[in-house]
Amino acid sequence: MSSVEYHYPVIGRKGTGGIFDRLPIQTLEKDHPYQFALFILSFNAIQQRSDAPQVVEEPAATFMEIASIHGRPYVEWAGDRNKDISADYSANDKKDTNPVPSRFGGYCNHGAVVFPTWHRPYVMLIEQSIGNIAEKLAQDIEANNPDENGVWIKAAKELRFPYWDWAGKDVPENGLPPVLYEEKVEIMAVGGKKQIIHNPLSYFSYVGGVPSDFSDEKDDSTGQVAYFSKWQRTYHYASSTPDPEGSHTDLLQKTFKAGANDLRRRVAQLFTFNDDENSAIAWDDFSNHTAESKRDIDFINRGSLEGVHDTVHILLVGNTLVPTLKYAYSSDELGWEWTNG
């Protein structure tokens, strides 16, 4: 099949024998060890780590391809049937260089009434990618370990993408669960044994080097710089240096805990619309931070779902990256965990 003919439709999980819940990441880890193991192994696989199973066959199903749909790098998604590369970033194209980039900025519909619904198939896509890999891994495990027949394949079919409830009552006290930031994670292995491997939710190392359209971003209010053009991996609350030692998870936790009550309050305010309000105007105000109705009082009283979304991004990646939501998913592997929530 030629590259021109290639297409990767987003259909979600199919042929799994039922409808299964998306579980909190903590529940998946604690109560569903086989599903959790397959989730971690499959996530490592689509991140194309050298120490992960090499089972990804679909070019459009890798982590970097899926992440770039949301923003940078500004390239056509490999699974897009249109094959229109005219919008791809080019250092020699006036659309990107003269004088301020005015161009395609990723597929995500920011500032639009379709903002919430757009993210549903986006989550379906990564769920589909990881689920398909999980089934391949499960089939291989059971083929090589007959004593475990009926365990791994069943877990793979029931696996759905987990979420983290960032507006939960426990977040002001506990912050993020460790599985979302610790660099190693323990999973179930064949024979009931345990195995410690890289945690794909902690960070992502760019495949093939830093994308060409990643550029450094400076926060003028603090003087801090996010060295996107030099960082070879993702970070949370990175030091303002081209070569940080790692993420500052203590600062991540402190900041998220401090902002958790406000997030919870803002989510509650989103559901204060009166039943007799015009539904189109109510959805416009609820869905995005650039409401067409432009009723300023609504922004004050209720905010928007997209506004909450923006805040969660900022709380996760750190205040050095405030102006850089265009890097949000390629720089934040936690993005799907809370978008799914």
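Residues His248 and Ser239 bring a donor and an acceptor atom of their side chains to less than 3.5 Å of each other. There is a side-chain donor-acceptor pair under 3.5 Å between Tyr6 and Glu58. A side-chain donor from one of Tyr8 and Gln128 sits under 3.5 Å from a side-chain acceptor of the other. Side-chain contact annotation: Asp243 with Thr241, donor-acceptor N/O pair under 3.5 Å absent. At a cut-off of 3.5 Å, with distance as the only test, no side-chain donor of Arg266 or Ser304 sits close to an acceptor on the other residue. Between the side chains of His110 and Glu306, at least one donor-acceptor pair of N or O atoms lies under 3.5 Å. With 3.5 Å as the limit, one finds a donor-acceptor pair spanning the side chains of His289 and Asp310.
The structure places CG of Leu252 at 8.0 Å from OG of Ser247, a figure rounded to the nearest 0.5 Å. The distance from the OH atom of Tyr122 to the NE2 atom of His70 is 6.0 Å, given to the nearest 0.5 Å. Between the CG atom in Asn144 and the CD atom in Glu142 there is a gap of 10.5 Å [rounded to 0.5 Å]. Summarising the geometry, atom CD1 belonging to Ile46 is positioned 10.5 Å from atom CG belonging to Asn132; distances are rounded to the nearest 0.5 Å. Taken to the nearest 0.5 Å, the CD1 atom of Ile153 stands 9.5 Å off from the CD1 atom of Ile141. Within the model, atoms CD1 of Ile126 and CZ of Phe161 stand 4.5 Å from one another, a figure rounded to the nearest 0.5 Å.
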query: Would Met64 and Tyr206 count as a side chain to side chain contact (heavy atoms under 4.5 Å, CB included) if you check the C-alpha gap in whole Å, the side-chain angles of each, and the deciding distance to 0.1 Å?
result: CA-CA 8 Å; Met64 197 63 197; Tyr206 299 120; 4.1 Å; yes
- request: Mind running ring pair (Phe, Tyr, Trp, His ring centres under 6.0 Å) on His309 and Phe115 for me, showing each step along the way?
  value: CA-CA 10 Å; His309 151 277; Phe115 173 82; 4.8 Å; yes
query: Hey, mind stepping through Met188 and Lys194 against side chain to side chain contact (heavy atoms under 4.5 Å, CB included) and telling me if it holds?
result: CA-CA 5 Å; Met188 179 67 72; Lys194 297 298 179 69; 3.9 Å; yes
field: From CA spacing to verdict: salt bridge (Lys or Arg N to Asp or Glu O under 4.0 Å), Arg120, Glu127
entry: CA-CA 11 Å; Arg120 306 323 297 162; Glu127 182 175 73; over 6 Å; no
- request: Apply side chain to side chain contact (heavy atoms under 4.5 Å, CB included) to the pair Tyr237 and Thr249, showing each step before the final yes or no.
  value: CA-CA 7 Å; Tyr237 290 81; Thr249 54; over 6 Å; no
query: Can you check salt bridge (Lys or Arg N to Asp or Glu O under 4.0 Å) on Asp216 and Lys230, steps first, answer last?
result: CA-CA 8 Å; Asp216 299 344; Lys230 300 176 180 63; 3.1 Å; yes
task: Under the side-chain hydrogen bond (donor to acceptor under 3.5 Å, both in side chains) rule, what do Thr16 and Arg160 come out as? Steps first, then yes or no, please.
output: CA-CA 11 Å; Thr16 60; Arg160 297 297 184 267; 2.8 Å; yes
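When every heavy atom of Gln47 is checked against every heavy atom of Phe204, the shortest pair comes out as O-CE1, 3.5 Å. Summarising the geometry of Leu316 relative to Phe256, their closest heavy-atom pair is CD2-CE1, 3.8 Å, with the distance given to 0.1 Å. For Asn261 against Pro172, the heavy-atom pair with the smallest separation is OD1-CG, 3.2 Å. Counting all heavy atoms, side chain and backbone alike, Ala52 lies closest to Gln54 at O-NE2, 2.6 Å. Listed here is the closest heavy atom pair of Ala60 and Ile66: O-CG1, 3.7 Å. Shown here for Tyr203 and Thr234, the closest heavy-atom pair between the two residues is CA-OG1, 3.3 Å.
In the hydrophobic clustering of this structure, Trp164 groups with Tyr181; members are Ile, Leu, Val, Met, Phe, Trp, Tyr whose side-chain heavy atoms approach within less than 4.5 Å, directly or through other members. Both Trp231 and Val207 sit in one connected hydrophobic cluster of ILVMFWY residues. Membership requires side-chain heavy atoms under 4.5 Å apart, directly or through other members. Residues Ile196 and Leu137 fall into different hydrophobic clusters, defined by Ile, Leu, Val, Met, Phe, Trp and Tyr side chains chained together at heavy-atom separations under 4.5 Å. Note on Leu159: it does not cluster hydrophobically with Phe20, by side-chain heavy-atom contacts below 4.5 Å among ILVMFWY residues.
Between Phe286 and Trp283, the gap from one ring centroid to the other is short of 6.0 Å.
The existence of a salt bridge linking Glu148 and Lys154 is excluded, since no basic side-chain nitrogen approaches an acidic carboxylate oxygen closer than 4.0 Å. Under the 4.0 Å criterion applied to side-chain N and carboxylate O atoms, Glu173 and Lys257 are not assigned as salt-bridge partners.
Using cut-offs of 30° and 60° for the angle between ring planes, the Phe43 and Phe63 rings count as tilted.
Each of Ile133, Ile197, Asn199, Val185 was compared with Asn44 under the side-chain contact (heavy atoms from CB on, under 4.5 Å) criterion, and only Ile197 meets it.
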